[in-house]
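The sequence lines fix the lettering, A, B, ..., with proteins before strands; numbering per chain opens at 1.
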Amino acid sequence: AQSVTQLGSHVSVSEGALVLLRCNYSSSVPPYLFWYVQYPNQGLQLLLKYTTGATLVKGINGFEAEFKKSETSFHLTKPSAHMSDAAEYFCAVRVNTGTASKLTFGTGTRLQVTL
Amino acid sequence: NAGVMQNPRHLVRRRGQEARLRCSPMKGHSHVYWYRQLPEEGLKFMVYLQKENIIDESGMPKERFSAEFPKEGPSILRIQQVVRGDSAAYFCASSPRTGTANAEAFFGQGTRLTVV
């Protein structure tokens, strides 16, 4: 079975500061990894995903994440935070086994951006 | 191309009533997933359906919950005899296929169920 751990349920950064949201996963087979963002009372929007190939993936809104197999990590970063980045961020892993394919989510990290 | 459409956005039910949540997948998508998000928690997988088939219902509570995805029409998540603990946001996602790297799931905006 696969699982996702997001360290830090709340992260606060100043506007313009580096954003680092941590995600570690466990999976018995090569995973597909995702970061989603959720704004208040909204659905989930895909920020970026890793499937195969280049381990550094770039997403929307200036976010990127690096897949590190040796560390079983997929941390999300953004060089300079903007007020509009305040939201909840979810890391997820997907494992395809035959006909089954489902996402397993972490518990989320709420990002606060201050002036 | 409309996204995943869920309705209603908000649903209030009294204890013991039935709740029906609808999900229309994106055009061309034949795979539907339902997830539940309890307050201050992440999303938990409930069920995965293809047209007229339940593929994986390992996340569904054993009683009162059911799901379908008929040949025509939206997918329905049905909760019978709702209890306060059913209060949550229910999200539907759809994808065009599974088992491939590009089988990305797109999410609807969710239905927020409140049981009073």
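For residues 107-116 of chain B, every residue pair satisfying the side-chain hydrogen bond (donor to acceptor under 3.5 Å, both in side chains) rule, not counting sequence neighbours, is listed here: A:Q42-B:Q109, B:R9-B:Q109. Screening residues 73-84 of chain B for salt bridge (Lys or Arg N to Asp or Glu O under 4.0 Å) gives B:E18-B:R78 as the qualifying pairs, with residues at least two apart or on separate chains.
Residue A:L20 is not grouped with residue A:F74 when hydrophobic side chains (ILVMFWY) are merged at heavy-atom distances under 4.5 angstrom, including chains of intermediate members. Transitive grouping of hydrophobic side chains (ILVMFWY, heavy atoms separated by less than 4.5 Å) keeps A:V93 and A:L56 in distinct clusters. A:L44 and B:W34 fall into different hydrophobic clusters, defined by Ile, Leu, Val, Met, Phe, Trp and Tyr side-chain heavy atoms under 4.5 Å apart, directly or through other members.
B:M5 CE: 12 or fewer foreign heavy atoms inside a 6.0 Å radius. Dense packing is recorded around CD of B:Q17, with more than 12 heavy atoms of other residues, nucleotides or ligands lying under 6.0 Å away. Open room surrounds NZ on A:K58; 12 or fewer heavy atoms of other groups in view lie less than 6.0 Å from it.
The salt bridge (charged side-chain N to carboxylate O under 4.0 Å, His left out) search around B:E57 returns none, not counting sequence neighbours.
Atoms CZ and CZ, from A:F105 and B:F91 in turn, are 9.5 Å apart once rounded to the nearest 0.5 Å.
With a 4.5 Å cut-off on non-hydrogen atoms, A:E88 does not touch chain B at all. Looking at B:Q37, the atoms closer than 4.5 Å to chain A (heavy atoms on both sides) all sit in the side chain, from C-beta outward. With a 4.5 Å cut-off on non-hydrogen atoms, A:L46 touches chain B through its side chain but not through its backbone.
At a heavy-atom separation below 4.5 angstrom, chain A is approached by no residue within residues 62-72 of chain B.
You'll find the side chain of A:K102 reaches within 4.5 Å of the side chain of B:F45, heavy atoms only. Side chains of B:F106 and A:Q45 form no contact here, defined as non-hydrogen atoms less than 4.5 Å apart. Proximity of A:L103 to B:Y35: side-chain heavy atoms (C-beta onward) are separated by under 4.5 Å at one or more points.
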